[in-house]
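Only a predicted model underlies this, so the values are computations on that prediction, with no experimental measurement involved.
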Amino acid sequence: MLTVNWKSVSDAVSERAFSDLAPELAGAHETLAARTGLGAAFTDWLTWPGAYDRAEYDRLKAAAARIRSDSKALVVIGIGGSYLGARAVIEALGSPNYNLKQKDTPDIFFAGNNLSASYLREIIALIGDRDFSVNVISKSGTTTEPAVAFRLLKTLLEDRFGPEGARRRIYATTDKARGALRGLAERERYETFVIPDGIGGRFSVLTPVGLLPIAAAGVDTDALLKGARDAMQRLDARALADNPAWQYAAARTLLYRAGKTVEVLACYEPCFRFVGEWWKQLFGESEGKEQGGLLPVTLDLTADLHSMGQYMQQGLRNLLETVVVFDTPDDLLSVPFDPEDADGLNFLSGMRLFDINRRAFEGTYLAHVDGGVPNVVVHVPKLDAYHLGALLHFFMLSCGLSGTMLGVNPFDQPGVEAYKANMFALLGKPGYEKQGAALRARL
């Protein structure tokens, strides 16, 4: 199971501060477990890895197998938590170059997460004349970005396969009883999967929201869920010394109270990029409220050491850094010997790239700590489905604990509605005419 190294945090926060925080941590954990805090109606993710609907899960795996058998491409339509988790897992375990690889699973495209015409046109061009399916993911069915994309892709499916053929290739993940997408799915007889009422989008990666596309990509979802389930049990420990989620939540909480306002998540594996994007939404949307909360930022190392390394080393000292490290090599590639040694790197010949990468992490860790950036290091034994499931649950629980101690509702996102109202007014949506005129006068 994963572990947390918080050794360097003691340079900024005293050991006594951690022990003094323990009762507050225990209270936050009990508040979450007892479902008595702010947003308690959206905390079913806490026990989901052990309480999910087995019959629906079996049906989901059958649907994923059908997609793999009849489609060369799957378009996942969703925004925010409706696509980030799936993309994170697929790229972490299947490669950021997943669609370019030789494989017996369909290409996976993600649409409905922006309003760019050229982006969607390119997806349609990349699908070409291949057979494809669509998984549309929306609680309501009326969110602008996915709803627009679904209109276009539904039309494309119907033109290519006819209404009945399109029906068999559309999978709707939506509310169990309400909403525009639920109504459409029932009228058109799409196969449907449920977005659980008690789990918000950014916590939904291990529900059908994430699992259908993840399974279609060939990921071992049984292992993913088992990793999360084992983490759920281990991370229920109610002592700081025994619970890595408590340790991470404590470190980031105390550093925030000590004046650190930006948290940088870094990893030395490029395939981790979209896990970072998922993490960014998880913490940013959960904690960024009431003019407070850590600003989540991600770095792809070592690449970003050549663009952001200077700032990390000598910029504003309002930073803390969390680094995810995978401890088992997944490739034995090593540096060859060069008789001419023109680049002066023969001292590395025979060394595995995994070990060179590890030394880069260690050197950077020491430099950043010496430069005044406390580091929390999350050690994960291996990058596989089991341990990634554990890591996802670890981050979700840590987020729930941190947000509860921050004193906000970690499970709502009221600020997100402001841009939507302005956009609807500017687009001339019925009922928004007066607001639209006022807004246009400001532009």
Side-chain angles (χ1 to χ4, degrees), residues 2 4 76 78-98 108 110 113-114 201-206 209-210 213-214 217 219 224 227-228 244-245 248-249 251-252 260-288 293-309 311-312 319-327 330 357 360-361 364-365 368 373-380 382-385 387-399 402-403:
L2 60 83
V4 170
V76 180
I79 195 166
S82 293
Y83 94 100
L84 283 171
R87 186 164 185 178
V89 173
I90 291 167
E91 292 203 4
L93 300 177
S95 164
N97 301 311
Y98 169 83
I108 310 289
F110 294 92
N113 51 71
N114 60 65
R202 59 190 177 274
F203 291 86
S204 67
V205 56
L206 299 175
V209 170
I214 289 169
V219 173
L224 191 73
Y248 178 45
R252 62 194 311 279
K260 304 299 183 182
T261 58
V262 177
E263 180 177 11
V264 176
L265 180 73
C267 184
Y268 287 73
E269 293 294 338
C271 67
F272 195 78
R273 177 191 165 201
F274 263 88
V275 179
E277 293 299 307
W278 170 83
W279 170 91
K280 196 160 60 178
Q281 185 201 8
L282 178 69
F283 281 93
E285 203 166 69
S286 296
E287 295 187 343
L294 282 158
L295 173 66
V297 176
T298 57
L299 291 181
D300 178 11
L301 303 182
T302 62
D304 283 337
L305 292 177
H306 297 262
S307 59
M308 290 295 291
Y311 193 95
M312 290 295 297
L319 309 175
L320 71 100
E321 186 172 12
T322 298
V323 187
V324 175
V325 175
F326 297 99
D327 289 327
D330 61 356
N357 204 24
F361 150 65
T364 304
Y365 167 86
H368 287 181
V373 179
N375 267 237
V376 177
V377 184
V378 180
H379 283 275
V380 183
K382 187 177 182 181
L383 180 50
D384 59 14
H387 290 98
L388 185 56
L391 181 66
L392 294 173
H393 188 80
F394 161 82
F395 275 135
M396 288 189 282
L397 178 57
S398 300
C399 181
S402 294

Can you name the closest pair of heavy atoms from [X] and [Y] and give their distance?
| X | Y | answer |
| --- | --- | --- |
| W279 | P296 | CZ3-CB, 3.5 Å |
| F326 | E269 | CD1-CG, 4.2 Å |
| L383 | A92 | CD2-O, 3.7 Å |
| V4 | P244 | CG2-O, 3.7 Å |

Discussion item. Using a strict threshold of under 4.0 Å (side-chain N to carboxylate O), is an ion pair present between E263 and R252?
Written reply: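 Here R252 pairs with E263 in a salt bridge, since their nearest N and O are under 4.0 Å apart.
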
Is the backbone of [Y] close enough, under 3.5 Å, to the side chain of [X] for a donor and an acceptor to pair up by distance?
| X | Y | value |
| --- | --- | --- |
| S95 | E91 | no |
| Q281 | G81 | yes |
| N375 | T322 | no |

Worksheet item: Hey, are S286 and R202 close enough side-chain-wise for a donor-acceptor pair under 3.5 Å?
Response: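 Distance-only check passes for R202 and S286.
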
Worksheet item: Residues two or more places apart in sequence or in another chain: which of them pass ring pair (Phe, Tyr, Trp, His ring centres under 6.0 Å) with Y98?
Response: none

Worksheet entry | Residues forming a ring pair (Phe, Tyr, Trp, His ring centres under 6.0 Å) with Y248, sequence neighbours excluded | F394, F395

Response to the item:
Output for pair (F272 CZ, E277 CD), nearest 0.5 Å, gives 11.0 Å

Discussion item. Can you list everything that forms a salt bridge (charged side-chain N to carboxylate O under 4.0 Å, His left out) with D330? Sequence neighbours excluded, please.
Written reply: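 With sequence neighbours excluded, D330 shows a salt bridge (charged side-chain N to carboxylate O under 4.0 Å, His left out) to no residue whatsoever.
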
Worksheet item: Are L294 and L320 side-chain neighbours, meaning at least one heavy-atom pair lies under 4.5 Å?
Response: yes

